[in-house]
Amino acid sequence: MYTELKNYILSKTTVSENELEQICSFFKPLTTVRNEMLCNIGQVCNHFYFIKKGCLRLYEIDDKGNEITGYFALEDSIISANTSFILQKPSRDCLVSLEPSELLAINRSHFYDLVTHVNAFANIYHQFIEFAFIHSQMRIYSFLGMEGIDKLKWVMEHEPKLLSRISSKAVASYLGMTNSTLSKLKTKL
């Protein structure tokens, strides 16, 4: 049940067998259905998720009711509604399971207990935070001056699984365009 999580941890840091077992003991299995909401706008996010199978999407809804996708997480990755999870404030984001998923969830108190007491887990957390920051910066700076076709090419190069796994509408919201614009751009490639 924890093989994928163990492999993920071992790929990120050096950890003893005892620490590995300790880390895994705090994660609990969770199965979701398609479109199941794990954290909704206004809720405080209290869990961090490792994706064994499936896909999660983090998005917010702007003042006009448009969905703006911030991130997709596929197998062998971790995700949370970070701002809410860290600050324990009501979330501006929705965290939803886009497809039936098998997750391993850890609650916030156990998560930070591991960060404090298990250096290997603290290392993984710091890597995650660094990745999240760098990914956000890349998207912001890359997308500011890019034409739509270049945004699509960027996704094809950096996150190719999104185009085959995720609905066009969700990918379009990630790229900051309409679904019809994305469809037109795909025909140009």
Exercise. Walk me through it: do Arg57 and Ser173 pass the test side-chain hydrogen bond (donor to acceptor under 3.5 Å, both in side chains)?
Key: CA-CA 11 Å; Arg57 174 184 176 215; Ser173 79; 3.2 Å; yes
Quiz item: Counting only N and O atoms by type, is there a donor-acceptor contact under 3.5 Å from the side chain of Ser101 to the main-chain atoms of Cys55?
Solution: yes
Quiz item: Under the 3.5 angstrom rule, does the side chain of Ser97 hit a backbone N or O of Pro100 as a donor-acceptor pair?
Solution: no
Exercise. In plain terms, say whether Glu21 and Lys6 are close enough for a salt bridge, that is, a side-chain N and a carboxylate O under 4.0 Å apart.
Key: yes
Quiz item: Pairs in or reaching into residues 158-189: which pass ring pair (Phe, Tyr, Trp, His ring centres under 6.0 Å), with residues at least two apart or in two chains?
Solution: Phe72-Tyr174, Trp154-His158
Practice problem: Check step by step if side-chain contact (heavy atoms from CB on, under 4.5 Å) holds for Thr13 and Asn119. | Solution: CA-CA 9 Å; Thr13 191; Asn119 287 336; over 6 Å; no
[Y] reachable from [X] in the ILVMFWY side-chain graph, under 4.5 Å edges:
{"X": "Ile78", "Y": "Ile86", "value": "yes"}
{"X": "Leu87", "Y": "Tyr125", "value": "yes"}
{"X": "Leu74", "Y": "Phe131", "value": "no"}
{"X": "Leu104", "Y": "Ile79", "value": "no"}
{"X": "Ile51", "Y": "Ile166", "value": "no"}

Quiz item: Is the Tyr71 to Tyr59 ring centre distance short of 6.0 Å?
Solution: no
Exercise. May I have all residue pairs that pass side-chain hydrogen bond (donor to acceptor under 3.5 Å, both in side chains) and include part of residues 74-87, sequence neighbours excluded?
Key: Glu75-Arg165
Quiz item: Quick one: side-chain hydrogen bond (donor to acceptor under 3.5 Å, both in side chains) pairs with a partner in residues 33-42, sequence neighbours left out?
Solution: none
Gap separating the [atom1] atom of [X] from the [atom2] atom of [Y], nearest 0.5 angstrom:
{"X": "Met177", "Y": "Glu147", "atom1": "CE", "atom2": "CD", "answer": "10.0 Å"}
{"X": "Thr69", "Y": "Leu98", "atom1": "OG1", "atom2": "CG", "answer": "8.0 Å"}
{"X": "Ile124", "Y": "Lys12", "atom1": "CD1", "atom2": "NZ", "answer": "8.5 Å"}
{"X": "Leu162", "Y": "Leu152", "atom1": "CG", "atom2": "CG", "answer": "11.0 Å"}
{"X": "Asp150", "Y": "Glu157", "atom1": "CG", "atom2": "CD", "answer": "11.0 Å"}
{"X": "Arg92", "Y": "Ile68", "atom1": "CZ", "atom2": "CD1", "answer": "9.0 Å"}

Quiz item: ring pair (Phe, Tyr, Trp, His ring centres under 6.0 Å) between Phe85 and Tyr112: does it pass, once the steps are laid out?
Solution: CA-CA 11 Å; Phe85 182 82; Tyr112 280 111; 5.8 Å; yes
Check residues 182-189 and write down every donor-acceptor pair under 3.5 Å in which the side-chain atom is one partner and the other belongs to a residue at least two apart or another chain.
residue, atom, partner, partner atom, Å
Ser183, OG, Asn179, O, 3.2
Lys186, NZ, Ser168, OG, 3.1
Thr187, OG1, Lys184, O, 2.6

Exercise. Test Leu175 against Val171 for side-chain contact (heavy atoms from CB on, under 4.5 Å), laying out the working first.
Key: CA-CA 6 Å; Leu175 296 175; Val171 172; 4.0 Å; yes
Might you point out which heavy atoms bring [X] and [Y] nearest each other, and give the distance in Å?
{"X": "Ala120", "Y": "Glu19", "value": "CB-OE1, 4.5 Å"}
{"X": "Leu95", "Y": "Ala81", "value": "CD2-N, 4.0 Å"}
{"X": "Tyr49", "Y": "Leu56", "value": "CB-CD1, 4.1 Å"}
{"X": "Phe50", "Y": "Leu5", "value": "CE2-N, 3.6 Å"}

Self-check item: side-chain contact (heavy atoms from CB on, under 4.5 Å) between Leu10 and Val15, intermediate numbers included
Solution: CA-CA 7 Å; Leu10 291 169; Val15 61; 3.6 Å; yes
Exercise. Give every residue pair that meets the salt bridge (charged side-chain N to carboxylate O under 4.0 Å, His left out) criterion with at least one member in residues 107-132, sequence neighbours excluded.
Key: none
Quiz item: With side chains defined as the heavy atoms from C-beta onward, is the minimum distance between Thr32 and Val96 less than 4.5 Å?
Solution: no
Self-check item: Side chains of Ile61 and Asn66 in contact at under 4.5 Å (non-hydrogen atoms)
Solution: no
Please output the side-chain donor-acceptor pairs of residues 22-30 that fall under 3.5 Å, not counting sequence neighbours, one pair per line with the distance.
residue, atom, partner, partner atom, Å
Ser25, OG, Gln22, O, 2.6
Lys28, NZ, Ser25, O, 2.8

Quiz item: Is there a donor in the side chain of Ser16 and an acceptor in the side chain of Asn18, or the other way round, less than 3.5 Å apart?
Solution: no
Exercise. Using a cut-off of 6.0 Å, state whether more than 12 heavy atoms not belonging to Met37 lie near its atom CE.
Key: yes
